[in-house]
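Here's the structure, in structure tokens; my notes come after.
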Amino acid sequence: MTLPETAPNPSGADRTFQVDLRGLVDLLSHHLYSSPRVYLRELMQNAVDALTARHGLEPAAPADAFGIRLHADGSVVRVEDDGVGLTEADVHTFLATIGRSSKRAEQLVEQRGDFIGQFGIGLLSCFLVADEIHVLSRSARTPDAPAVEWRGRGDGSYTVRALPASARPRPGTTVTLTPRADAGEWTRPAQVQALARHFGSLLRHPVTFSDGTDGPGAPVNSEAAPWARTYPTPGARSRALAAYGEEVFGFTPLDTIELDLPAVGLKGIACVLPEAVPAGRRHGHRVHVKGMLLSEQAEEILPEWAFFVRCVVDAESLRPTASRESLYEDDTLTAVRDALAERLRAWIARAAASDPDLLGRFLQTHHLAVKSLAVHDDEILRMLLPWLPFETTDGHTTLDEFARTHRTVLVTSSVEEFRQVAAIASAAGLGVVNGGYTYDRELVHRLPEIRAEVTVADLDPATLTAHLDPVDRETELAAAAYLALARDALAVFDCDVALRTFQPASAPALLVDSREARHERTRSQLAREQEGGLWGDILGALRQEAPRAQLILNQLNPLVRTAVAIDEPELARTSAEALYGQAALLSRRPLRPAESSLINRSFLDLLAHALRKDS
């Protein structure tokens with residue numbers, strides 16, 4: 001930490017920035033680090049980097065020759081490593097200057113990529129829980145050098161002194177913190193041990209923890225990552241990976257996808273969620289860099305469409321941000337994201353080719369995710385579109401099954417339109433797919449790319465009404481007076497009324513309300529509000545040409561046959577309003593205030609008529 005300069009400088013001379021260390025620590029705690037708990041991760045990370053440098057000096061040493069020992073007894077927190085250590089010159093150069101890291105010195109490293117830390121500010125995180133940092137180190141690079149002690153304080157001051165080699169007989173570094181009273185939440189022995197396991201469970205160097213009681217330290221990372229172990233059978237490996245995914249994420253995966261990208265040194269697993277999630281809800285993934293946990297919420301590791309999995313990975317080449325709690329968006333991360341996306345596609349392809357039961361369970365749960373992928377991925381489209389479930393007039397079925405029955409597939413533009421016509425279209429033998437859900441209409445229109453014998457078209461109201469049988473002329477004439485009254489009663493809704501016969505006979509009426517008709521009603525309302533002006537004349541002219549909604553009465557229905565024979569004008573109007581309200585309710589679209597009022601009024605009027613008749 002560079003101390004404030006006190007000697008005066010001549011006018012115009014270069015000056016050195018003065019650093020308020022307390023202000024800097026406050027900045028780190030509120031804007032860089034998510035929690036004070038990161039102090040332990042930073043200390044462990046520095047220790048791991050020191051071990052990496054030590055192995056660079058002694059490449060013949062066994063992998064477990066050097067380790068990390070953690071100690072917390074309630075009064076101090078101590079992290080000791082067998083790493084490369086520091087000389088007195090190194091301490092002055094690196095520990096006393098904010099932002100400079102020993103990992104950057106050429107004499108200690110040859111490649112930055114060998115180290116987790118890249119920014120040289122990690123030691124400052126210790127001031128989040130302590131007012132003083134004590135460092136005792138001895139260099140492995142200069143065996144005859146004395147041990148060196150550095151004490152840094154929260155006010156920005158520090159001291160350095162050389163100690164006899166006996167003060168630290170072996171090379172390495174020990175960092176000791178005396179926690180503040182308000183930092184007990186993060187420095188209690190049980191919490192330190194839990195944090196060590198949380199951050200360091202996949203570290204490649206041996207790490208132990210001691211709480212000051214007798215006996216050897218407890219291992220923090222006693223086992224290698226599950227994907228790095230050997231298993232007697234492929235089935236045992238699959239079960240072990242699934243068990244690890246359940247331990248990490250808290251759910252039993254529908255399946256576990258092993259991830260391996262040798263080019264960037266990435267290994268891990270993707271756990272397929274056993275339950276559907278809303279489209280676009282991205283889950284955080286656990287990302288380790290060289291064994292150290294970087295983030296539990298790394299959304300950027302997978303594309304947006306892959307919201308049906310949660311991943312835990314360990315990578316060598318991903319670059320952390322300054323806080324080391326997320327990933328730096330660079331070309332490497334883009335390449336990793338694309339490669340992992342390809343692994344997920346390959347898993348879907350394998351399931352489609354060799355495990356139809358797994359594919360069925362996956363599609364039943366995550367069809368929306370696959371649909372979002374198929375929209376943009378032609379390979380997935382060709383492979384899975386016939387097997388994706390859709391809501392149709394034949395019920396919920398796959399497009400492959402639906403296309404076997406219906407060579408002409410009609411698709412609605414909204415859920416509302418589908419619900420209006422589903423029962424009548426089914427009775428008429430028309431094959432209609434609900435295209436109102438996300439991605440569905442676009443995907444159905446691509447069905448001919450997979451099934452060339454199938455034709456797909458948008459459902460036009462005229463297509464449906466063409467399949468409804470007209471009534472005979474005598475019946476039409478007998479109902480003319482009623483139909484005229486009904487049209488007049490429903491004119492406020494821009495709705496025409498017609499009499500047809502169609503199945504099922506239990507349906508008294510069908511409300512055909514196209515999107516164009518709804519737009520016309522909006523224009524009509526504007527025209528009424530602008531009546532008398534030029535804009536009102538223009539909208540009124542458009543109103544004469546635009547299509548209207550249609551209330552189609554079913555002559556096969558006994559209630560309708562009774563209604564059209566009513567000779568009381570007011571009762572006829574009320575019955576027409578009631579039939580319109582019932583048809584609007586069956587369409588399950590949102591009702592406008594005027595329609596809700598009409599339904600209530602017509603019900604009460606009919607009830608009053610029935611009571612007067614009985615009295």
Side-chain angles (χ1 to χ4, degrees), residues 393 412 414-428 430 432 459-472 475-515 517-518 520-521 547-592 594-607 609-610:
T393 46
T412 65
S414 69
V415 174
E416 173 191 329
E417 290 175 354
F418 178 80
R419 288 171 176 169
Q420 286 176 8
V421 305
I424 286 82
S426 177
L430 297 176
V432 182
L459 177 66
D460 188 309
T463 303
L464 179 64
T465 55
H467 283 77
L468 306 181
D469 296 327
V471 296
D472 59 69
T475 301
E476 182 79 29
L477 289 173
Y482 178 86
L483 295 176
L485 286 171
R487 293 186 185 108
D488 183 65
L490 301 179
V492 66
F493 300 114
D494 292 325
C495 182
D496 196 8
V497 183
L499 186 64
R500 298 286 188 273
T501 62
F502 53 86
Q503 295 292 337
S506 58
L510 167 67
L511 181 61
V512 180
D513 194 8
S514 68
R515 183 167 300 184
R518 291 195 296 274
E520 161 57 17
R521 285 198 295 271
R548 307 175 70 194
Q550 268 195 313
L551 179 67
I552 303 176
L553 305 180
N554 186 4
Q555 177 65 17
L556 298 180
N557 183 268
L559 180 63
V560 171
R561 289 200 299 270
T562 301
V564 297
I566 296 174
D567 56 8
E568 298 179 35
E570 287 304 316
L571 180 59
R573 292 175 62 91
T574 299
S575 67
E577 291 173 342
L579 288 169
Y580 175 90
Q582 191 261 356
L585 287 172
L586 288 178
S587 72
R588 288 188 272 181
R589 63 168 173 78
L591 297 176
R592 292 173 292 165
E595 290 173 328
S596 298
S597 177
L598 174 140
I599 292 172
N600 292 332
R601 186 179 67 253
S602 62
F603 170 76
L604 293 175
D605 287 349
L606 288 175
L607 180 60
H609 175 79

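Residue numbers run from 1 in the order of the sequence given.
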Practice item. List for me each residue that meets side-chain contact (heavy atoms from CB on, under 4.5 Å) alongside Ser602, sequence neighbours excluded, and say none if there are none. Key: Thr574, Glu577, Ala578

Just list the side-chain donor-acceptor pairs under 3.5 Å for residues 553-565, sequence neighbours left out, or say none.
| unit_1 | atom_1 | unit_2 | atom_2 | d |
| --- | --- | --- | --- | --- |
| Asn554 | OD1 | Phe502 | N | 3.1 |
| Asn554 | OD1 | Leu556 | N | 3.1 |
| Asn554 | ND2 | Phe502 | O | 2.9 |
| Asn554 | ND2 | Pro504 | O | 3.3 |
| Asn554 | ND2 | Ala507 | O | 3.0 |
| Asn557 | OD1 | Leu559 | N | 3.0 |
| Asn557 | OD1 | Val560 | N | 3.3 |
| Asn557 | ND2 | Ala505 | O | 3.0 |
| Asn557 | ND2 | Ser506 | O | 3.4 |
| Arg561 | NH1 | Gln555 | O | 3.3 |
| Arg561 | NH1 | Leu556 | O | 2.9 |
| Thr562 | OG1 | Pro558 | O | 3.1 |

Review point. What is the distance from atom CG of Leu511 to atom CD of Glu416, rounded to the nearest 0.5 Å?
Key: 8.5 Å

Review point. Below 4.5 Å, heavy atoms only, C-beta onward: do Ile599 and Leu591 meet side chain to side chain?
Key: yes

Point to revise | Nearest atoms (heavy-atom pairs only) where Phe418 meets Val432 | key: CE1-O, 3.6 Å

Exercise for review: Would you check, one step at a time, whether the test side-chain contact (heavy atoms from CB on, under 4.5 Å) holds for Val512 with Ile552?
Suggested key: CA-CA 8 Å; Val512 180; Ile552 303 176; 3.9 Å; yes

Exercise for review: Answer whether the closest heavy-atom distance between the side chains of Phe493 and Leu598 falls below 4.5 Å.
Suggested key: yes

Check your understanding: So, do Leu468 and Ile424 sit near enough that their side-chain heavy atoms are less than 4.5 Å apart?
Key -> yes

Check your understanding: What residues form a side-chain contact (heavy atoms from CB on, under 4.5 Å) with Val421, not counting sequence neighbours?
Key -> Leu459, Leu464

Practice item. State which residues pass salt bridge (Lys or Arg N to Asp or Glu O under 4.0 Å) with Asp605; sequence neighbours excluded, sorted by chain then number. Key: none

Review point. Any salt bridge (Lys or Arg N to Asp or Glu O under 4.0 Å) pairs touching residues 495-506, not counting sequence neighbours?
Key: Arg487-Asp496

Study note, to complete from the structure: Pro470 and Thr501 have their tightest heavy-atom pair at O-OG1, 4.3 Å

Practice item. Output all residues satisfying side chain to side chain donor-acceptor pair (under 3.5 Å) with Ser596, sequence neighbours left out; order by chain, then residue number. Key: none

Review point. Residues two or more places apart in sequence or in another chain: which of them pass side chain to side chain donor-acceptor pair (under 3.5 Å) with Asp472?
Key: Thr475

Review point. For the residue pair Leu551 and Ala576, what are the closest heavy atoms and their distance?
Key: CD2-O, 4.3 Å

Exercise for review: Check salt bridge (Lys or Arg N to Asp or Glu O under 4.0 Å) between Arg573 and all other residues, then give those that pass, not counting sequence neighbours.
Suggested key: Asp488

**Study point:** Shortest non-hydrogen separation from Leu485 to Pro569 and the atoms involved
**Key:** CD1-CA, 3.9 Å

**Study point:** Ser575 side-chain N/O to Ala572 backbone N/O, donor-acceptor pair under 3.5 Å
**Key:** yes

Review point. Which residues satisfy the side-chain contact (heavy atoms from CB on, under 4.5 Å) test with Leu604, sequence neighbours excluded?
Key: none

